[in-house]
Protein chains: 2
Amino acid sequence: MPELKIQHILTLSYLLSKGAKHNYVSITTSSLGKSIKKSQQAASKHLLELEQNQFIDRIMSGRNVSVKITPKGFSEMVKLSTTLQKSLNSFPSHVELKGTLVSGMGEGAYYMGLKGYTKQFKSKIGYVPFPGTLNVRLDKKIHQEAVKQFETLDGIKIKSFSDGKRTYGWVKCFPAKLNNSINCDMILLERTHHDNSVVELISKTCMRKTGKLKDGSKITIKIPISS
Amino acid sequence: MPELKIQHILTLSYLLSKGAKHNYVSITTSSLGKSIKKSQQAASKHLLELEQNQFIDRIMSGRNVSVKITPKGFSEMVKLSTTLQKSLNSFPSHVELKGTLVSGMGEGAYYMGLKGYTKQFKSKIGYVPFPGTLNVRLDKKIHQEAVKQFETLDGIKIKSFSDGKRTYGWVKCFPAKLNNSINCDMILLERTHHDNSVVELISKTCMRKTGKLKDGSKITIKIPISS
DNA sequence: ATTACTAACATCCGAGTAG
DNA sequence: TCTACTCGGATGTTAGTAA
C-alpha cells in the first residue's frame, strides 16, 4: 500500500505547519485530533499509518510522540498540491456555445440601430454594429444553461437611456469569436432576461455574408472569460 | 452536510481539468471512475453527492451526464488548495537543536587549525575559526535524529587534503546561530560520519567566552535551511 | 453501450479502556 | 495525564443488476 491516502493529507499539512519538515516536532495525539477535527484515536491511527508508509518518522519519547515528515511524505504532498494547483490554474478560460442560426424578427436590428445605443457601442466596443443581429438558437440544454453564467458576469455595459417616451434597457456585451474566425460580441439584453435558448450576436460586418451563413447553419461561439 | 468531502476533491479536480469551470462537460461515470481510480459506481455516487451539496450542476441528457462546477464548488477547491499551498510554503525553514556543552579532547582544535583547513575556511566561510571547537551533546533522540538530515544536505564544503603522510577528510559547514545570538558554523566531518550524539561548532571568536558558557551549559543551535 | 439502485464488503471513526 | 488497543456503528466502495 504505497499510496498516500487523501485523508492523511490534512494530518501532514498540520504537521508541516508545526515545522515537521526539518525538525521532529513533539505533539499529542489528542491535540492533533482536535486540529484535524477527528478523535484522538483517529489521529493516533493516522500517525501509525503514515509511519508504516514511510511518510513520517516517528519517535516515541516517554508519553508523547515526536514526528518528522520524510522526503517521501513531503514530495507526496507537493505532488498533490501541484496537481490541484494545475487544475485550478490551467482550465480552459472560455465558454463554448453551439447552436443553429435562426432568423429574428428584425427587432434586434431596430433597437441596436438607435442613436442612444450606437453612440455607446462606438466608444465602448469600438465599432457601430452592422444593422441586424445574428440570432443563434442553442439546441442543447447544456449550452442554454451555460449562458446563464453571463448574467452574473460584468462584460461591457451599454447603459440604458430614454428618448422621452420610453426607456430602453441596458445591454451587456461579451467579445466572442464566431466559428473560430469572425470577431463579434454576444449581447445580453435587460428585457429578455429569462430566455436562454437564443443568444444574439452583433458585429461590425454582416456575419451572414462574411461567414457564408444562412438559416439552419451550425454555429460555434467562443467567449473568453477574463476572471 | 455543507462540507466538501476530501475524497471528492479529486473528482472536482478532474472535472476542472476537463473545462467544467465554465462549460458543461459531458462525461461517462466509468471514464470518471477510471480517472479517480474508483469504480463506475463510486464515480456515479460522487457526482450525485456533489450535486446534492451544490458543488456541481448536473444535467442528464440521454445516456450521459454533463457537469459544471458551481462557484461554491470552485471556491471550496481554491480554499483547500491554498491551505495546502500555505503549509507547503511557509513552514519554519530552520532546524533547531538543543544540547549540553561538553568538553572535547582538543583534537577538534588540532585538526581545524591545520593550514590545509584554515586557508579554505578563510575563503569559504570568511573567517579563520577560533582554535577549539565547541562540542554540544544532543541529549534528546529527536535532535540526534534531526542532525542526520544534514548528511544529505550540501552546506559549504571544505575539501579534503593530504600533507604527504596522511589524508584529512572533508568538512561540511552549515551557518548557524548559537543561543539566538552568536554566529557560528556547525561542522560535519567525513571521519565521524556515524555518531550523531555530538555536534561540533566553530566560530571566529571563543564562544565559551562570548557566550559565557561552561561545561554543562544548555545550548540551542538554529541552522537555517536554504532549500 | 449508459446510470444508478441494492446488498455485501471494506474501511474509517470514536467510545471504552488497558498499560 | 499519555498512546493505542478492541469493537461496534457509520461511512465508502464495489459486485451484481435493472432500466
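Hydrogens, waters and symmetry mates are skipped; everything else that's a heavy atom, side chains included, is used. Lettering of chains follows the sequences in order, A, B, ..., and the numbering in each one begins at 1. As the structure is a computational prediction, the values presented were derived from the model and not from experiment.
With rounding to whole Å, Leu4(B) atom CG is found 15 Å from dG12(D) atom C1'. Atom CG of Leu32(A) is separated from atom P of dA4(D) by 12 Å (rounded to the nearest Å). Atom NZ in Lys5(A) sits about 19 Å away from atom P in dT11(D), given to the nearest Å. Distance His8(B) NE2 to dG12(D) P: 7 Å, rounded to the nearest Å. Per the geometry, CD belonging to Glu49(B) stands 10 Å off C1' belonging to dT11(D), to the nearest Å. Straight-line distance from the CD1 atom of Ile36(A) to the C1' atom of dG14(C): 13 Å, rounded to whole Å. What separates CD1 of Ile6(A) from P of dT11(D) is a distance of 19 Å, to the nearest Å. The separation between Lys34(B) atom NZ and dA1(C) atom C1' is 14 Å, rounded to whole Å.
When every heavy atom of Leu47(A) is checked against every heavy atom of Ile56(A), the shortest pair comes out as O-CD1, 3.5 Å.
In terms of phosphate contacts, Gln41(B) brings no side-chain nitrogen or oxygen within less than 4.0 Å of OP1 or OP2 of dA15(D). Contact between the side-chain N/O atoms of Ser39(A) and the OP1/OP2 oxygens of dC13(C) is not found at any separation under 4.0 Å. Of the side-chain N and O atoms in Arg58(B), one or more sit less than 4.0 angstrom from OP1 or OP2 of dA4(C). Lys45(B) has no side-chain polar atom (N or O) that falls below the 4.0 Å cut-off from OP1 or OP2 of dT13(D). Regarding contacts with the backbone of dG12(D), every side-chain N or O of His46(B) stays at 4.0 angstrom or more from both OP1 and OP2.
In this structure, Glu145(A) contributes its side chain and Ile142(A) its backbone to no donor-acceptor pair below 3.5 Å.
Contact annotation for Thr28(A): backbone-only contact, meaning every heavy-atom pair under 4.0 Å involves sugar-phosphate atoms and none involves a base. If you check every strand for non-hydrogen atoms under 4.0 Å, Ile27(B) touches sugar and phosphate atoms only. Within 4.0 Å of Leu47(B), counting heavy atoms only, lies no atom of the nucleic acid at all.
Between dG14(C), dA4(C), dA4(D), one nucleotide has an atom nearer to the side chain of Gln40(B) than all others, and that is dA4(C). Here the nucleotide nearest the side chain of Leu48(B), chosen from dC5(C), dT2(C), dC2(D), is dC5(C).
No hydrogens or angles were tested; on distance alone, a donor-acceptor pair under 3.5 Å links the side chain of Arg63(A) to the base of dT1(D).
The shortest side-chain heavy-atom distance between His8(B) and Glu49(B) falls under the 4.5 Å cut-off.
A centroid separation of less than 6.0 Å is found between the aromatic rings of His22(A) and Phe91(B).
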Take Lys5(A) and Glu76(A), measure what salt bridge (Lys or Arg N to Asp or Glu O under 4.0 Å) needs, and give me the verdict at the end. CA-CA 10 Å; Lys5(A) 295 181 196 166; Glu76(A) 282 294 322; over 6 Å; no

